[in-house]
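Below you'll find the structure, written out as C-alpha cells, and then a few comments.
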Amino acid sequence: MDYFTLNDGIKVPAIGFGTFKIKEEKEMDLAIEAALKAGYRYFDTAKFYENEHLLGKYLKAYGKNREGYQIATKVWPNAYSADKTKESIEGSLKDLDVDYLDVGLLHWYGEDFREAWKVLNDYKDQGIIKSIGVCNFSVDQMSELRKEGIIPVVDQLESHLHLQDKDTHEFLKENKILHQAWGPLAQGKSNLLHEDILEDIGKKYGKSPAQIALKWNIQRGVMVLVKSSHEKRINENIEIFDFNLTNDDMHALASLDKKERYSANPEDKEWLEKAANM
C-alpha cells in the first residue's frame, strides 16, 4: 500500500473503499468482509448514503481494532446550521458506533457552509474528528473556505481520465490539500474502460484497464475511492502497488481527457439549491 500524508500530518492510504448506494445488509456484509481481507483500511460513507449503521456494524463484525481502519463521513448541505451540523455528526458517531471519526467532510458547497465548518473545527479541537475537509468544492468555493482560516485536508471530487480537472488539481497541490477522487472509473457511465490506450498499457503490465486508470490517478498524487460489491473487483482494484507507470504512459493516458463530467457540477446553482433543500 502507498500512503499520502495530509496537511495535518495524518497518513491515509492511496486507495479507499466507497459505500455509495450500498444499503442492503447482505451487500454491505459481503463488501466489507471482502474489502478488509483484501487490505482496504479507509472507508468512506455519508449521512446522505443512509448506510452508516451498516458500515459500522460490519466493520466491527470482522474483528478489526478501531485504530486499524479509518472512517470518513460527510454532512449534507441541509444540515449546515450549527445545531443541525452537530446533530448530523452525533448521529454519524452513533450509527457508526464509534467514539471518533477519522475524517469529517462537508458534502457540497452551501450558502451556510461557514457555520458547519466551524462546528467541524470544534469537533476537531476536541479530538472527536481527527481531520476535516470537503467534497465537491470548486476552486472559487475552496478560496472562500480558505478565508475561514482552517485549511481543509482534502477535497473529494469526481475525477477520472475523462475529467482530469487539471486547474483544480494544481490548485489543491499548491495549497497542500489532498485531491481525493470519487468515481475514478467514471461510474460505468462511459466507455472509459474500453479506451485502446488503457488496454494497450494494461497488456504491458499484465493489468486490467481499471487498474491502469486507478494507478494513473494515484501516480499524479490523487487518492482514489473505489466501490464494488464483487469480491473479484474489490481485490483487483487494490492490486495496483506492484508496478509503476512510466512518464510516457502517464502522458499517453492524460490524452484521454474529455473534460466530461458524469455527475453534478459543483458550481451548478440549481443543483446546489436542490441539495440544500433535500
Side-chain angles (χ1 to χ4, degrees), residues 1-4 6 10-76 79 86-105 107 120 123-124 126-133 135 153-154 156 180-185 187-188 210-211 214 218 223-241:
M1 178 65 71
D2 291 343
Y3 291 84
F4 293 116
L6 304 177
I10 291 176
K11 288 187 175 182
V12 293
I15 187 168
F17 193 82
T19 61
F20 180 52
K21 290 189 176 180
I22 302 180
K23 292 187 179 181
E24 299 296 328
E25 286 220 20
K26 184 177 180 181
E27 185 181 7
M28 184 70 83
D29 184 4
L30 293 172
I32 298 307
E33 180 182 20
L36 287 170
K37 284 181 178 178
Y40 294 86
R41 294 294 181 266
Y42 185 106
F43 297 88
D44 180 87
T45 184
K47 180 60 69 176
F48 185 73
Y49 298 170
E50 298 181 334
N51 64 9
E52 291 172 315
H53 63 296
L54 294 178
L55 176 59
K57 175 180 178 179
Y58 290 112
L59 283 173
K60 285 204 165 186
Y62 291 104
K64 294 290 180 185
N65 293 329
R66 176 64 185 92
E67 296 75 19
Y69 56 85
Q70 295 170 305
I71 299 176
T73 194
K74 313 175 190 75
V75 179
W76 192 253
K86 290 177 184 177
E87 183 180 337
S88 178
I89 294 168
E90 293 296 335
S92 293
L93 290 165
K94 181 179 178 181
D95 288 342
L96 288 161
D97 195 14
V98 295
D99 296 324
Y100 68 91
L101 299 168
D102 296 280
V103 184
L105 306 167
H107 209 147
L120 286 186
Y123 274 86
K124 183 179 187 298
Q126 296 172 55
I128 298 172
I129 301 177
K130 303 298 182 183
S131 301
I132 59 175
C135 300
V153 297
V154 301
Q156 187 185 124
Q180 198 176 63
W182 63 262
L185 302 178
Q187 310 165 75
Q211 288 171 312
L214 294 173
I218 289 172
M223 178 183 176
V224 295
L225 297 173
V226 293
K227 176 245 171 177
S228 179
S229 301
H230 303 284
E231 185 174 4
K232 182 179 178 181
R233 291 177 189 166
I234 289 171
N235 289 327
E236 178 185 290
N237 286 338
I238 203 171
E239 291 171 353
I240 55 175
F241 300 103

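All values reported here derive from a predicted model rather than from experimental measurement.
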Quiz prompt | Set of residues satisfying salt bridge (Lys or Arg N to Asp or Glu O under 4.0 Å) with respect to E24, sequence neighbours excluded | solution = none

Exercise. Output every pair passing side chain to side chain donor-acceptor pair (under 3.5 Å) with a member in residues 59-68, not counting sequence neighbours, ordered by first then second residue.
Key: D29-Y62, K60-D97, R66-D102

With a cut-off of 3.5 Å and sequence neighbours excluded, list every side-chain donor-acceptor pair involving residues 231-241.
unit_1, atom_1, unit_2, atom_2, d
N235, ND2, E231, O, 3.2
E236, OE2, S208, OG, 2.9
N237, ND2, R233, O, 3.2

Exercise. Could you tell me which residues satisfy side chain to side chain donor-acceptor pair (under 3.5 Å) with K37, sequence neighbours excluded, listed by chain and number?
Key: E33

Practice problem: Measure from the side-chain N and O atoms of K130 to the backbone N and O of K124, and report whether any donor-acceptor pair falls under 3.5 Å. | Solution: no

Practice problem: Mind checking side-chain contact (heavy atoms from CB on, under 4.5 Å) for L54 and listing every partner two or more places apart, or none if nothing turns up? | Solution: E25, M28, Y58

Self-check item: Nearest atoms (heavy-atom pairs only) where L120 meets L105
Solution: CD1-C, 4.2 Å

Self-check item: For I22 against A31, the heavy-atom pair lying closest together
Solution: CD1-CB, 4.4 Å

Quiz item: What is the distance from atom CD of E27 to atom OG of S228, rounded to the nearest 0.5 Å?
Solution: 9.0 Å

Self-check item: Set of ring-ring contact (aromatic ring centres under 6.0 Å, His included) partners for Y3, sequence neighbours left out
Solution: none

Quiz item: Is R41 reaching over with its side chain to a backbone N or O of L36, donor-acceptor style, under 3.5 angstrom?
Solution: yes

Quiz item: I71 and V98: side-chain contact (heavy atoms from CB on, under 4.5 Å), yes or no, with the steps?
Solution: CA-CA 9 Å; I71 299 176; V98 295; 4.0 Å; yes

Practice problem: Any chance you could lay out the side-chain contact (heavy atoms from CB on, under 4.5 Å) test for K227 and W182, step after step, and finish with the verdict? | Solution: CA-CA 9 Å; K227 176 245 171 177; W182 63 262; over 6 Å; no

Quiz item: Taking only residues two or more places apart in sequence, or in another chain, which ones meet L225 in a side-chain contact (heavy atoms from CB on, under 4.5 Å)?
Solution: Y42, D44, Q156, Q180, M223

Quiz prompt | Q126 and Y100: side chain donor to acceptor below 3.5 Å | solution = no

Practice problem: Could you tell me which residues satisfy ring-ring contact (aromatic ring centres under 6.0 Å, His included) with F17, sequence neighbours excluded, listed by chain and number? | Solution: Y40

Practice problem: Return the set of residues passing ring-ring contact (aromatic ring centres under 6.0 Å, His included) with F48 (not counting sequence neighbours), or none when no residue passes. | Solution: W76

Practice problem: Considering non-hydrogen atoms only, spot the tightest contact between Q70 and P13 and give its length. | Solution: OE1-CD, 3.2 Å

Exercise. Would you check if P184 and V226 make a side-chain contact, meaning some heavy-atom pair closer than 4.5 Å?
Key: yes

Exercise. Can you measure from OG (S131) to CG (L6) and round to the nearest 0.5 angstrom?
Key: 5.0 Å

Quiz item: How many angstroms lie between atom CD1 of I89 and atom CD1 of I129, to the nearest 0.5 angstrom?
Solution: 4.0 Å

Quiz prompt | Worked check of side-chain contact (heavy atoms from CB on, under 4.5 Å) between V12 and V154 | solution = CA-CA 11 Å; V12 293; V154 301; over 6 Å; no

Quiz item: With sequence neighbours excluded, what pairs up with K47 under the salt bridge (Lys or Arg N to Asp or Glu O under 4.0 Å) test?
Solution: E52, D95

Quiz item: How many angstroms lie between CG in L55 and CD1 in I32, if you round to the nearest 0.5 Å?
Solution: 5.0 Å

Quiz item: Can you list the residues that meet the side chain to side chain donor-acceptor pair (under 3.5 Å) rule with K23, with sequence neighbours excluded?
Solution: E50

Quiz item: Which residues pass the side chain to side chain donor-acceptor pair (under 3.5 Å) test with E87, sequence neighbours left out?
Solution: none

